[in-house]
Amino acid sequence: MNDQTICASGIRHGSSVRKALKILVIIILIYSLGSVALSAIIYRLLFPRRDGISEFRYTYSELGAEAPPREAFRFSSGDNLLSGYRYDAEDPKGLIVVVNGVGAGVDAHLPEICYFVAHGYSAVVWDNTGIGESEGRWSVGMQQIKLDLLAFLDWLEAQKPGEELPVFLYGHSAGAYAACTALATDHRIDGVISIAAFESPIQIMLHHARNRVGLLADLQSPFLRLENLLLFGEDSDCSAFEAINAAEVPVLIVQGNSDDLVPYSQSLIRFEGEFENPRVCCVEITTEYRNEHSTPWLSEASACYEYTLPKGETPDKSQANELSETFMGELLAFLDETVGR
């Protein structure tokens, strides 16, 4: 074989390598662009606009004469106008801001609101962005609930005269995450009741994605993080644990030990004993059926009814909305103790 043949062979080899690299780059580019587009689509599928109505919970109109009076209000969150209601107690001891989870509407925690009002605490609640009576073409994501909460607190503090009552946040799921991370802001917050909160929105999403699609979730993780960053900026993945540690106010963390939506590995209660905030108290719910994601506040009978009702049957709301007097008493004691300090 002469030098000319060797040179030609080398040129062909080099050309093949360059061609293979070009194909690889094109494949990576197509995959990346496709993944970016897919992440945007998935978000819009996961967080569509919803009516906020629960099949198990009473609506305000269904309570009739038993419902405490309420007053409507509206405030701006970004480009959207959100709708909410305020329930005032006689001679209130404090104001409880109810922060709903993903897809939940103003009546999602109506039984607890009625309890709080009857025991001397005013309450406010609203439909988050893209929910119920509030504006928004879609509900955007879990972190949007935090942005809506901060917008409400801005609005509340701008009222004349300003709110003089102690302000408590009562949050569930993504609403509990929002309540905890709001502690890292300069808003007035005198205490937080956090039920079924997760530590990180990205980690909880990846957890459920891995359960469904395995390793594909990790391959898509950079694009999930990018979509979060584009949507929420610096609020894309705040740590609830760090926010609690940065605060000095009382925080009551409640978690059911059979919660599949926010399992122990993703929950805040796993940090019990590690919180630097000395006013953190953790309560684990172990009673069957009450230890699920959306039942800690219910009585054993109502929780059992909700989780054992055959699919397709219309719920009897009188059986589904009974509160646990013991649990609600513990929440009331937490509130009263904080007010009394």
Would you say the side-chain atoms of [X] pair up with the backbone N or O of [Y], donor to acceptor, closer than 3.5 Å?
X	Y	value
Ser139	Phe47	yes
Tyr170	Ala179	no
Arg70	Arg86	no
Thr295	Leu298	no

Problem - Lys93 bridged to Asp190 by N-O distance under 4.0 Å - result: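 Judged by the 4.0 Å cut-off on N to carboxylate O distance, Lys93 and Asp190 do not form a salt bridge.
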Practice task
May I ask you to decide if the ring planes of His172 and Trp297 are parallel, tilted or perpendicular, using 30° and 60° as cut-offs?
Solution key: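 His172 vs Trp297 ring planes: perpendicular.
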Problem - Mutual orientation of the aromatic rings belonging to Phe73 and Phe152 [parallel < 30°, tilted 30-60°, perpendicular > 60°] - result: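 If you compare the ring of Phe73 with that of Phe152, the planes turn out tilted.
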Practice task
Take Tyr121 and Tyr115 through the ring-ring contact (aromatic ring centres under 6.0 Å, His included) test and state the conclusion after the steps.
Solution key: CA-CA 9 Å; Tyr121 288 88; Tyr115 182 93; 9.7 Å; no
Exercise for the section: Would you check if there is a donor-acceptor pair between the side chains of Asp107 and Thr59 at a distance under 3.5 Å? Expected result: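 No, no side-chain donor-acceptor pair sits under 3.5 Å.
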Practice task
Check whether the side chains of Asn291 and Thr286 place a donor and an acceptor atom closer than 3.5 Å, and report yes or no.
Solution key: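 No, no side-chain donor-acceptor pair sits under 3.5 Å.
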Practice task
Answer yes or no: are there more than 12 heavy-atom neighbours, outside Glu284 itself, under 6.0 Å from its atom CD?
Solution key: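 Correct, the count exceeds 12.
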Handout entry: side-chain contact (heavy atoms from CB on, under 4.5 Å) between Arg50 and Val102, intermediate numbers included
Key = CA-CA 10 Å; Arg50 299 181 182 177; Val102 173; 3.8 Å; yes
Exercise for the section: Could you give me the CA-CA distance, side-chain angles and deciding distance for Glu199 and Ser239, then say whether side-chain contact (heavy atoms from CB on, under 4.5 Å) is met? Expected result: CA-CA 6 Å; Glu199 148 65 3; Ser239 165; 2.7 Å; yes
Practice task
Scan Glu306, Glu322, Glu62 and name whichever one has a salt bridge (charged side-chain N to carboxylate O under 4.0 Å, His left out) with Arg57.
Solution key: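 Passing option: Glu306.
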